There are 2 protein chains.
Amino acid sequence: MKLLKDKILNEGKVRKGNILKVDCFLNHQMDIKFLNEVGKEFKNRFKDEKVDKILTIEASGIAIAGITSQYFDYIPVVFAKKTESLNLDKEVFESSVHSFTKKKDYKVRVGKEFLKKGERILIIDDFLAKGCATKGMIDLVQQSGANVVGVGIVIEKGFQEGRQVLEDMGIRVESLAIIEKLEEGKVYLK
Amino acid sequence: MKLLKDKILNEGKVRKGNILKVDCFLNHQMDIKFLNEVGKEFKNRFKDEKVDKILTIEASGIAIAGITSQYFDYIPVVFAKKTESLNLDKEVFESSVHSFTKKKDYKVRVGKEFLKKGERILIIDDFLAKGCATKGMIDLVQQSGANVVGVGIVIEKGFQEGRQVLEDMGIRVESLAIIEKLEEGKVYLK
């Protein structure tokens, strides 16, 4: 997706440790017109699939998934929660995820009423690196008896194993931009 | 907003302790067509105001704010972060918020580059109860030298003091539905 590649090259910043920051348009401040183009492109990639619902994870997947739903005839969006809420019902699907960014494990949860057997679920997220969060979401879907149609990712870190892990599970992965490497403060896109 | 009131009465559930749950359309599963009506209504309420940016807070404000931006000519949306991220720059505005739901204090943060002196900020959130999270966001805006145009809330708990607290600070509050009371498992709307 050319618009996304241009935005990564023009607005992304590489911080020390070769961490790509795109928080000026994707995951802290959000460019909503741009997210509409992302949504259109996800629809284009998955146009041959019947999709009943979009699943994402808080927090940075939420706006992307919400805007994307508009291009899938406004299907419901569910976001997996990372924190235990006193208001969340006890009846939840739960999975454990390791965060390399935060160096700890955390639980992800979805209320059982929001994932139903036989539903066709599109998983959407901002980043794919090692695939931990995505695997957690796939686990939630599988616990419910619903089916994963595919995974739509805005930015894939192509130098990490996430895609391989998911494809080995038989999951279709569509990324709108793939980073080949981050080196000496520069981004190299595939 | 009639559509919202109908949804609260038809789809909302009152749990023990008189807690209103609207997680089937607002803050866990999200009805995106409905959120578009919410966005239109916020635009209608604030149509006479120049707004440069929308500020919300993770997680449940994000989709509402993102969809709402589409009715404000796609202005940028910034969400305040509740968790410390290794990827978040050190240069942040920070405020402390008490959560009565989670019975603890937490920090909210926005990168300094995303709130600028003189900007006109509309704050959007799903709920207003005691006003703690909203006050935290107002504090972030004021630290930056930007101005709060107003606060747009989907559901206000009219029996708690949030509105009074904000209006005493001179802040305009627009709520799309106001709950008068929750009693014996029933919702009474104003």
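The structure presented is a predicted model; accordingly, all values stated were derived computationally and were not measured. Just so we're on the same page: letters track the sequence lines, and every chain starts at 1.
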Next on the checklist: I need the minimum non-hydrogen distance between A/Lys81 and B/Asn27, along with the two atoms involved.
Outcome noted: NZ-O, 3.2 Å
Checklist entry - If you measure from OG on A/Ser69 to CD1 on B/Ile67, what distance do you get to the nearest 0.5 Å? => result 7.0 Å
Checklist entry - Going hydrophobic residue to hydrophobic residue with side-chain gaps under 4.5 angstrom, can you get from A/Ile153 over to A/Ile178? => result no
Checklist outcome for this item: B/Ile62 and A/Met30 have their tightest heavy-atom pair at CG2-CE, 3.9 Å
Next on the checklist: Does B/Ile32 form a side-chain contact (heavy atoms from CB on, under 4.5 Å) with A/Gln70? I'd like the steps, not just the answer.
Outcome noted: CA-CA 7 Å; B/Ile32 304 299; A/Gln70 298 175 334; 3.8 Å; yes
Next on the checklist: Is there a path of hydrophobic side-chain contacts, each under 4.5 Å between heavy atoms of I/L/V/M/F/W/Y residues, joining A/Met1 to A/Tyr188?
Outcome noted: no
Checklist entry - Using non-hydrogen atoms only, which part of B/Asp73 is less than 4.5 Å away from chain A: side chain, backbone, both, or neither? => result neither
Item to check | Side-chain touch A/Cys24/B/Phe114, heavy atoms, less than 4.5 angstrom | outcome: yes
Checklist entry - Closest approach of A/Ala59 and B/Phe79, non-hydrogen atoms and distance? => result CB-CE1, 4.1 Å
Checklist entry - Mind checking whether B/Val165 and B/Ile138 sit in one hydrophobic cluster, side chains of I, L, V, M, F, W, Y counted as touching below 4.5 Å? => result no
Checklist entry - Where does B/Ile75 contact chain A at under 4.5 Å (heavy atoms): side chain, backbone, both or neither? => result backbone
Checklist entry - Is the shortest distance from a Lys or Arg side-chain nitrogen in A/Lys13 or B/Glu113 to a carboxylate oxygen in the other one below 4.0 Å? => result yes
Next on the checklist: With a 3.5 Å distance limit and no angle check, can you tell me whether B/His28 reaches the backbone of A/Gly111 through a side-chain donor-acceptor pair?
Outcome noted: yes
Next on the checklist: Applying side-chain contact (heavy atoms from CB on, under 4.5 Å) to B/Tyr74 and A/Asp31, what does each step give before you reach the verdict?
Outcome noted: CA-CA 8 Å; B/Tyr74 297 91; A/Asp31 178 337; over 6 Å; no
